[in-house]
Number of protein chains: 2
Amino acid sequence: MSTAEETGEDAPWGEVTPEAARRLLVAAVEAFAERGYHATTTRDIAGRAGMSPAALYIHYKTKEELLHRISRIGHDRALALLEAEAGGEAPAAERLAGAVRSFVRWHAERYTTARVVQYELDALSDEHRTEIIELRRQSDAVVRRIISEGVAAGEFDVPDVPGTTLAVLSLCIDVARWFNAQGSRTPEEVGALYADLVLRMVAAQK
Amino acid sequence: MSTAEETGEDAPWGEVTPEAARRLLVAAVEAFAERGYHATTTRDIAGRAGMSPAALYIHYKTKEELLHRISRIGHDRALALLEAEAGGEAPAAERLAGAVRSFVRWHAERYTTARVVQYELDALSDEHRTEIIELRRQSDAVVRRIISEGVAAGEFDVPDVPGTTLAVLSLCIDVARWFNAQGSRTPEEVGALYADLVLRMVAAQK
DNA sequence: CCCGATCCTGAGCAAGCGCTTAGGGTCTGG
DNA sequence: CCAGACCCTAAGCGCTTGCTCAGGATCGGG
């Protein structure tokens, strides 16, 4: 019914195709975000999706495969957001602010997903973890590139580019930990605040 | 043997008094930090402490009590570090930089402990969690006070004091997630970098 | 030499875990 | 009305979990 209108950017799990598999995945995201991967049982996931425990194994080989799918899709999305703002001819300050705003907004709006994506890495198998870490390396590279270009253009004054990149990403990612929907700030507001703070961190000193 | 020289500030668990109980607690910190609370078994903790699984229950009523003790001591320590730098007659900029440097250094040096303290809150019982959250509220208040005083004194320009306080603490706390001992940065260096970045975040604009 | 206190272990219980399997509904095409 | 594909469930297997308990090792005081 709502599949058609949800295929855009606002449908986070539109790419998960059998509808039953998507229901299970959404249920898993909620459960993992609330209790953590290890504290979540396959019975709980199946129950939230309105199915019996056995139904899960028709669509996914293991519980870890569910986590991997969530993590993979989430990282792809986060990286795409960064890359969308990184290119172009705009000044580095504008591109950095855009990247931070958009990245932070995603971590706030989809904070259940982001929590799983950012904080359950250790629960992945070795193989899957290395795959995901490579995506994070790419995110790091995108941000570092913007900052480097800002320094080269004389827009920024950053003594330690890798360290500042790390801090910027760390700041944004941690939004997923403390943000909650009942709080007083909207994702939009947090994005704007953080973009301002990050620009101050790299600004040319007076 | 080394108990005497470790009773100072550098002995994080000096206050845990029966020696066997301390061994178990240190083992639990390691295990929780590596695998997470829920993925750690009581057999693993006891094994690391060189004891049988049953020995744990002579010193602690439950596995959750171990987590609570770790969390409580860690939060007390972190709060004490902040408070030690917050007072005095020095300019707000100096006090803020000192607090960040010291807080970050602790999160890096004791990153195993800090990881448990900061990221396993959800595993606590309702009662214990409320107790710990109150300590975090106090940490927030300490930092907010320094920033407010800096604004009042005209040292800082901060449009959103609660939001900036949140961001500063979030930035520092997240060090525990990404820091690792084999990395290229020392806790000292990360503390210095972060103190600089935070001062930029609050600095009066040119 | 024995006594009681202290601290720990071996063995194991009930419950819950991830996952499997045999089989039964339901729907489409004829 | 039937056939066969598809999707799901009831039941449960083998294992691990947090935790318990009866009893043994060790040691200072009489």
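Quick note on labels: first sequence line is chain A, next is B, and so on, each numbered from 1.
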Visitor: Mind checking A:Ser52 for me? I need base, sugar-phosphate or nothing, with any heavy atom below 4.0 Å counting as a touch.
Guide: base

Visitor: So, for B:Ile146 and B:Phe156, which heavy atoms are closest and what is the spacing to 0.1 Å?
Guide: O-CE1, 4.1 Å

Visitor: In whole Å, I'd like the distance from the CG atom of B:Leu56 to the P atom of C:dT9.
Guide: 11 Å

Visitor: Could you state the atom-to-atom distance from CD of B:Glu19 to C1' of C:dC8 in whole Å?
Guide: 14 Å

Visitor: How many whole angstroms separate atom OH of A:Tyr57 from atom P of C:dC19?
Guide: 4 Å

Visitor: Between C:dT20 atom P and A:Lys63 atom NZ, what is the distance in whole Å?
Guide: 14 Å

Visitor: Between C1' on C:dA11 and CE on B:Met51, what's the gap in Å once rounded to a whole number?
Guide: 20 Å

Visitor: Tell me whether the NZ or CZ atom of A:Lys63 lies within the 45° cone about the ring axis of A:Tyr57 and under 6.0 Å from its centre.
Guide: no

Visitor: Start with the C-alpha distance between B:Tyr111 and B:His107, add both sets of side-chain angles, then the distance that settles ring-ring contact (aromatic ring centres under 6.0 Å, His included), and finish with yes or no.
Guide: CA-CA 5 Å; B:Tyr111 73 99; B:His107 277 80; over 10 Å; no

Visitor: For A:Leu82, which of A:Val143, A:Asp140, A:Val100 qualifies under side chain to side chain contact (heavy atoms under 4.5 Å, CB included)?
Guide: A:Val143

Visitor: For chain B and DNA chain D, what are the first and last nucleotides along the strand, 5' to 3', with at least one atom under 4.0 angstrom from a heavy atom of the protein chain?
Guide: D:dT17 to D:dC21

Visitor: Parallel, tilted or perpendicular for A:His128 and A:His68, by the 30°/60° rule?
Guide: parallel

Visitor: With a non-hydrogen cut-off below 4.0 angstrom, is B:His38 in contact with a base, only sugar-phosphate, or nothing?
Guide: nothing

Visitor: Whole-Å distance between C:dC13 C1' and B:Arg43 CZ?
Guide: 11 Å

